[in-house]
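Right, one structure below, let's go through it.
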Protein chains: 2
Amino acid sequence: MASGQGRVLELAVLGSLHETPLHGYELRKRLNALLGMFRAFSYGSLYPCLRSLLEQGLIVEEQPAPAAIVGGRSKIVYKLTAEGKERLQDLLTQAGPSAWEDESFGVHFAFFRHTEAEVRLRILEGRRSRLEERLDSVRTALARTRERLDSYTLELQRHGLESVEREVRWLNELIATERRGSSEEKPERSTDE
Amino acid sequence: MASGQGRVLELAVLGSLHETPLHGYELRKRLNALLGMFRAFSYGSLYPCLRSLLEQGLIVEEQPAPAAIVGGRSKIVYKLTAEGKERLQDLLTQAGPSAWEDESFGVHFAFFRHTEAEVRLRILEGRRSRLEERLDSVRTALARTRERLDSYTLELQRHGLESVEREVRWLNELIATERRGSSEEKPERSTDE
DNA sequence: GCGTCGATGTATCGAGCCGATACATCCCGA
DNA sequence: TCGGGATGTATCGGCTCGATACATCGACGC
């Protein structure tokens, strides 16, 4: 049973197949290119997820033209079904913790183009408060134990704190841009799809 | 069978117990405080790891004085054995990929105080080249697909790249400091321990 | 005295995910 | 013609997390 709770791969796959039908190998390449430094899914996750999506009827194996079979190597091309598109819309509407935790935020963000402005804003804000929560708790813990820590640990803490503070600042800019955009007009999506 | 390959928790536990004997709950709190934003181990990892370390004879349950039992709640305090200390020394000497991958680097760094200068340098440099590898591969992939990406994805890529570049710069500073330090003297550790 | 609530404390289970691996085909250059 | 590298599908072992269950302690109000 693959991706029961961790819908994040499910979203990633559905979102990718929404653009164009793909087979596993190519799908993984695109996914990892799409997510860059944030995540890299492995086959051990991808194939079980594809099977699960098949069983749920959210995707189907596409029948290529016979000519294509003769020339090419055997590959299984998956495409979205109508139900799959519905589910994708569902997932894109989610604006709870499952959208802004570490593992999932990047994927949701990568498909923001297909997400409503209001949902985008809530995800961004949710992620920001999540990070600020952590910042608080780490800063508190640090204040209590600062004297007991050596210089390496201190440096590690400092660096960790700084990166997260930087990410919060990044989110602030994004949120400001979103607000500016949504008060005037839809932040123009290019002419794809 | 817990922590068979992923010695990272093993190192974290052994390293913490080296300072002072601890029970599970307190151990976890200290560990997570030590690692700050980098990692947060859960009981689902910690307890199996403790059991495994017990079986290997690297730690033992400490017998508290009877008086302590009467007053306190039942808790199981673990302390390092001689073999445990040996193993810790072993782990601190490791300077391979297992020391500089994402999941483990933070832990190794957090115990740099107990690590030889030469090993520290090799871990730092290993981590740096690991990150530069990833930077290369993502930048290459990005160059090939830049036109097909929307502005959100592009922003995600840009941010991801920037954070990692920043981490490389951080490593550069640390490496420079290490070299300066080791050519003159041990980079003074405060009077703890 | 009594309830109860949050922190302390030990422990396990289900499920997701990764890394390694196996296996097969295609294409290109030596 | 032979081998190596990219393409392609698929699984297995094992680690880790999040949720959860259970129990006790101390402090608080009443």
Side-chain angles (χ1 to χ4, degrees), chain A residues 1-13 21-32 35 38-54 61 64 68-78 96-98 101-104 106-107 130 137 140-141 144, chain B residues 1-13 21-32 35 38-54 61 64 68-78 96-98 101-104 106-107 130 137 140-141 144:
Chain A
M1 208 141 309
S3 77
Q5 301 281 18
R7 337 291 290 187
V8 58
L9 223 192
E10 188 171 321
L11 169 60
V13 169
L22 289 170
H23 55 101
Y25 187 82
E26 179 71 14
L27 179 56
R28 178 176 185 267
K29 272 207 317 189
R30 293 221 192 180
L31 227 38
N32 291 347
L35 298 176
F38 279 91
R39 285 207 69 155
F41 291 105
S42 71
Y43 292 125
S45 323
L46 183 57
Y47 281 111
C49 177
L50 284 172
R51 195 187 317 127
S52 157
L53 291 175
L54 267 178
E61 301 182 11
I69 297 182
V70 175
R73 173 153 55 270
S74 97
K75 54 176 80 166
I76 307 174
V77 177
Y78 300 96
S98 68
E101 289 300 315
D102 288 345
E103 338 78 51
S104 37
V107 175
R130 180 77 185 84
S137 97
T140 304
R144 272 193 291 98
Chain B
M1 207 140 309
S3 78
Q5 301 281 19
R7 338 290 290 189
V8 57
L9 222 193
E10 189 171 321
L11 169 59
V13 170
L22 290 170
H23 54 101
Y25 186 83
E26 179 72 13
L27 179 55
R28 178 176 184 267
K29 272 206 318 187
R30 293 222 191 180
L31 227 37
N32 291 348
L35 298 177
F38 279 92
R39 285 206 70 153
F41 291 105
S42 71
Y43 292 126
S45 321
L46 182 57
Y47 282 111
C49 176
L50 284 171
R51 196 186 318 126
S52 157
L53 291 176
L54 268 178
E61 300 182 11
I69 297 182
V70 176
R73 175 155 50 272
S74 97
K75 53 176 83 168
I76 308 175
V77 177
Y78 300 96
S98 68
E101 289 301 316
D102 289 345
E103 340 77 52
S104 36
V107 175
R130 179 77 185 85
S137 96
T140 304
R144 273 193 289 99

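Chain naming here is simple, since letters A, B, ... match the order of the sequence lines and numbering starts at 1 in each.
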Side-chain N,O (B:Tyr47) to OP1/OP2 (C:dT10) below 4.0 Å: yes
Touch class at under 4.0 angstrom, heavy-atom based, for A:Arg39 against every strand present: sugar-phosphate
Distance, rounded to the nearest Å, where A:Glu103 contributes CD and C:dC18 contributes P: 11 Å
Residue whose closest nucleotide on DNA chain C lies nearer the 5' end, B:Glu101 versus B:Gly44: B:Gly44
Salt-bridge criterion met for B:Glu101 and B:Arg130 (N-O under 4.0 Å): yes
Nucleotide nearest A:Phe41 when distance is taken to its side chain, options C:dC18, C:dT12, C:dT10: C:dC18
Approximate separation, where rounding is to 0.5 Å, of A:Leu50 CG and A:Glu61 CD: 9.5 Å
Atom-to-atom span, OH of B:Tyr25 to P of D:dA23 - whole angstrom: 18 Å
Distance, nearest 0.5 Å, that separates OG of A:Ser45 from CZ of A:Arg28: 9.0 Å
Spacing of A:Leu50 atom CG relative to D:dT9 atom P, expressed in whole Å: 9 Å
Proximity to the side chain of A:His23 - top-ranked nucleotide from D:dT11, D:dG8, D:dT7: D:dG8
From C:dG9, C:dC18, D:dT11, nucleotide with atom closest to A:Arg51 side chain: D:dT11
CD1 on B:Ile76 to CG on B:Leu27, rounded to 0.5 Å: 12.5 Å
A:Leu35 CG - C:dC17 P separation (whole Å): 13 Å
Value in whole Å for how far the P atom of C:dG14 lies from OH of B:Tyr43: 21 Å
Inter-residue atom distance B:Tyr78.OH - B:Glu26.CD, 0.5 Å rounding: 14.0 Å
Between C1' of C:dT8 and CG of B:Leu27, the distance in whole Å: 15 Å
Touch class at under 4.0 angstrom, heavy-atom based, for A:Gly24 against every strand present: sugar-phosphate
Protein-nucleotide distance (A:Ile76, atom CD1; C:dT25, atom P), rounded to Å: 15 Å
Nearest-neighbour nucleotide for the A:Ser42 side chain, C:dG19, C:dA11, D:dC17 considered: C:dG19
Separation of atom NZ in B:Lys75 from atom C1' in D:dA23, rounded to whole Å: 14 Å
